[in-house]
Structure formats: C-alpha cells, structure tokens
Amino acid sequence: MNNIPNRQAICDVLLEEAKTDRDIVVLCSDSRGSASMTPFSVAYPEQFVEVGIAEQSLVSISAGLARCGKKPYCASPACFLSTRSMEQGKVDAAYSNTNVKLIGVSGGISYGALGMTHHSAQDIATMSSIPNMRVYLPSDRHQTRKLIQALLKDEKPAYIRVGRNPVEDVYEEENTPFEMDKATWIKEGTDVAIIACGEMVKPAKDAACLLEKDGISASVLDMYCVKPMDEASVVKAAEKARLVVTAEEHTFIGGMGSRVAQIVSEHCPRKVICMALPDAPTIPGKSQEVFAYYGLSGEGIAKKVKENL
Amino acid sequence: MDNLTAKSFALRQDVLNMIYRAKTGHIGGDFSVLNIILTLYEKQMNTRPDNVSSPDRDRFILSKGHSVEALYAVLADQGFFPKSALETYSQFGSNYIGHPYNKINGIEMNSGSLGHGLSVGVGMALAGRMDKKDYRTYVVMGDGELAEGSVWEGAMAGGHYKLDNLCAVVDRNRLQISGCTEDVMSHENLAKRWESFGWNVIDVEKGWDIPSLNAAFEEAKQCKGKPSVIIAHTIKGYGVSFMENQAVWHHKVPTDEEYQLAMEELKAKEAAANE
C-alpha cells in the first residue's frame, strides 16, 4: 500500500524544481503541515511566504507575486481556498490572468468527522464556474507528479484539488500515461463508460474489474482535467457504451458528472448516472467509510452499473 | 499655483466628459482621488508607456476601482493610450469599462471588488524584495473600502513583513454611497488603527494639494523598516462646488445644466491655476 499522499507528491516536485527555478514560491495560510509543505519551507525559506490564517490575502498576495514574474503555489485546505477566497481566485487569479496555482489540500471529505466546515464537496462547482480557471483532480501520486510538472511550464491560473490521505496507486511509477488536458484511458469497453476523477478513479478501476468477471465490458476514464474537460474522450467513451456512470467526491450539483451529462446529452444521448455525495452534510466517518456508505466504492459502482444496464 | 494643479482641473474635464457622455460613472470619488493619482504618475513613479513591462517599473493598483475614470484620464495624459480612447468609455465592446481592466496598457491588475488591492500590493512588494529590486508599490484605497476585512489581512501582512517598499493611500473623503463613512461604519482613530498594524502613518490635511501629497510620498520613501500609509483627507467631488461633500455625487450623472455649470467651473479653475 502506498503511503505517500498526493499533497506530498506536489511538495516533492516543487522541491526538485526549486533547485533551479528561484521564481517558484510556496505560500501557506498556517497550512504548511497539512499541505505537506514543511520540507519546502525549511529548504527554501526565501521562497516561502506564510500569511497566517488569512485565505483571502493568501490568494491576493499570490496574484501580486505572479504579476511580478513569480510562480506562486498557494496551498491551503480546499474547503477554505475554494469558498472563503473564491472571490480572490475569481478576480486576482482568473480575471487578472495571473500565474497562480491554487493547491486545495485535504479536499472533498478528507477531514471526515470534522464536519461540513472542513469538507470541500463544492469546490469543483465553485472553481469551475470561474472563467479562465482550470480545475484538476489528479487520481494518484504518479499522476499528481506529472500534472505539477506540466503546470510549472505554463503561466495561467489553475485550481488543483488533492486529498489528505495516501491513496492506492492507479498507475505504475515508470508507466504513468499523461497528456495535459486529455483524460487518461485506463480501460476501453463496450457496455458502460465509467468516468471518474480524483480519489474515485481507483474505485472506478476496481468496479471495471468486478464487472468484467460478470461479463460486462467497461471503459474507465480518468478525467483528472475537470476543466477544461476532455470532451472528445467523453463522447468517444459514451458512443461505445449503453450507459455512462460518473463517480466523484463532490456534491452531485455542479460537479464533474454534471459537465459529463451536458456533453453526453448534447452529442450522443445516453443514460448518465452521477454517483456523488448528497446535497447535505455527509455522514461523519473516515473517508473509506463515508465513500462506502454512499456507494462510492468498487463494489458500489459495479452494483449501480448492473442495476442500470 | 503650479502647472499640475491646472492639469488636475483639465483632467477633471476629461472625467466629466466621459461620465456625461456615457451617462454612468463615479464622479465624486474620481474628483477626490485624481490629484493623488496625478501626483504619483507625474512626480513619483518611474512608470512610463515605454516601460510597462519592465521588471523595474513602479507598481500602481487602484484598489478603489470604481474611480477608474480618474485613472483613465491620467493614463491618457501620460501617453499610455490615445486620449480618443476615452470616448469609448463604457461603450459596447470597449475595454474601457467601469473598473480597471488589465487588457488596457498601463493597468496592472483588474479591480472593482473592494478590499483586494492591498494584499495584491503586498505580493508585489514581496516579489520586489525577493528579486532585490528598487521599485515601489502604491495601492490607493477608499475609506469606505476599509470596512472590508481583507484590507486588514493585507495590512497585517504588510506590517509583518515590514514592507517599506509598499505605500498605501487612503482617499479619506468621508463619504460613501449610503452617506457619511462615520455613520455607515466608523473609522474612528484611523491613524492608530494603521499604526497598531505596524504601519508608518502620514496624514495629509489637504489631500487635494499636490505639493503636500508629493511631500508625503517623499516622507514615505524615507521610512525604513515598515510600510507607509498616507491618509489623504480629501473632498469628494473636489473641483466642482455643487458636487463637493455630497454623497449623492458618488455616482450621480450630471444633467445638461449641471454639466455646463461644472465644465465652466473647472475651466475657470484651470485658467486661474495657469495665471
């Protein structure tokens, strides 16, 4: 079992790149520990900015740095970054088009029993609705590495959400397919298209294995690029299938599944089932307990597919 | 009187024309802040049309973005874009909209939502320090804007990092859209508030007086180890007697008669300043 959370994978990439790139700056809002950024703050204190518990100025300060040629990565719990400082993300990052990378850590329901204040089951909806804001939910540490390496090469704003806990590898370290803003095809099938992002990709992959044993052929798409969504892959997967199922750690309102449903209904109408969190505070518990409760597991996804095929 | 004072009344005519033509705008705040912006571009900042991308340029952020007409008038006068562009203000498809838009030459950041600029300025000042650059960052805020909590997040960070390359200005005209600032949300002991956040506070009693403003900016430059804030005690609607100190002129559009009266007064003041 992997014990490196995706947030640590981000820090590892930034540590490597900062050796030669003095413009990389990491900013935290008393969140260096929860964001796994302590090693960066120790190794590069002059490229680290602490703003205190102040997410609004976290994002605005990042935008000011970016406007002066810096490459700010501001890392803060996704729950606060995507709502409390949403306006700073909208105005200072997206509208002013500054090279600010917003790293939402401990996303979704990572904080489990801490309650709705600490959950970010709305962040895809809030951040995707902002023009010029890109939204990425990488599935495992290997894909997270590739994503951050790619983002370091561009100069546009983006929101990246990762969870708190280590997640099982979806890919092999030496063989992680990655193309920027293109979904990763994990499996191609003919009966059902399962489209997932973030921590739901592994359960989607597991579901496909379970379904295969029952003679059901599934495509599995890792839609880490929620915005801009890889529409061509959505259409291709849906066209081959009789049913589309999406899985995400987000409310069913305004999430990845909503966008998939829009694309499918416009280009190749199929039944679309969005597996997601409810429009309510989630039941308290550890991530895996909560996921299982809402059917967001390999077994749960496979069951839903069989019920609807 | 000096030429800049004359120019400030000429630029107010440009603002008046913009707003009268478009039938929209924030004329009261434009007139209270205009001399602050003019002093910065004429006397303080090295920012010119030929160095807008230079890493060494001084940075200017109009955090009270609704006073953009004053900024447009100054930028056009400085040659950042042709003065004819002002005629497109608020017209369909124009970039010259009612708040700063950084697709326009010379505008650093988009603003309009109050309370963002100071923290953005903190970021710019931090970048300057990291890169060992000498440029200065100026952020102009309104006094009503100070009710935004995010202003004080920025004030905290500016004080914490002792950013002496950062200078904030409060356009203290004591009026906002609903009336007197002190009735809407008071700013009692304003100087002490800033001091307690670790800022060097400079009061300018005549916040419309260009030599006084310039002296304050010079004083701010000399202050080391902390950021400076200039509290400029201004007059909303300054320059047009019937607009002065009237909250209604926050964003009232002049009638034909008011336009004529205002224009005559501004022309007379420009002429007097030139004598």
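Lettering of chains follows the sequences in order, A, B, ..., and the numbering in each one begins at 1.
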Taking atom [atom1] of [X] as the centre, does the number of heavy atoms from other residues, nucleotides or ligands within less than 6.0 Å exceed 12?
X	atom1	result
B:D50	CG	yes
A:K90	NZ	no
A:R84	CZ	no
B:K103	NZ	no
A:Q149	CD	yes
B:K43	NZ	no
A:L114	CG	yes
B:K23	NZ	yes

Region of B:R59 in contact with chain A, defined by heavy-atom distances below 4.5 Å: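 Side chain only.
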Heavy-atom cut-off 4.5 Å, strictly under: side chain, backbone, both or neither for B:I107 against chain A?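 Just its backbone gets close to chain A.
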Does any part of the side chain of [Y], heavy atoms only, come nearer than 4.5 Å to the side chain of [X], both counted from C-beta?
X	Y	result
B:M130	A:E46	no
B:L126	A:V49	yes
A:Y95	B:M109	no

Ionic contact status for B:D131 with A:K70, cut-off 4.0 Å: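 B:D131 and A:K70: salt-bridged.
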What verdict does the side chain to side chain donor-acceptor pair (under 3.5 Å) test give for A:E50 and B:H160, after you've listed the backbone C-alpha separation in whole Å, the side-chain angles of each residue and the deciding distance to 0.1 Å? CA-CA 10 Å; A:E50 176 61 72; B:H160 178 80; over 6 Å; no
Hey, could you give me the [atom1]/[atom2] distance between [X] and [Y], rounded to the nearest 0.5 Å?
X	Y	atom1	atom2	answer
B:S113	A:D92	OG	CG	8.0 Å
B:I61	A:R67	CD1	CZ	9.5 Å
B:M156	A:I53	CE	CD1	10.0 Å

To check you understand the geometry: which heavy-atom pair defines the closest contact between B:E153 and A:S57, and what is its length?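 Taking B:E153 first and A:S57 second, the nearest heavy atoms are OE1-N, 2.8 Å.
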Let me know if A:S85 has heavy atoms under 4.5 Å from chain B in its side chain, its backbone, both or neither.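 For A:S85, neither part sits under 4.5 Å from chain B.
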Determine, stepwise, if the pair B:S119 / A:Q56 fulfils side chain to side chain contact (heavy atoms under 4.5 Å, CB included). CA-CA 8 Å; B:S119 289; A:Q56 297 177 80; over 6 Å; no
Does B:N110 offer a backbone N or O that forms a donor-acceptor pair with the side chain of A:S96 under 3.5 Å?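 Yes.
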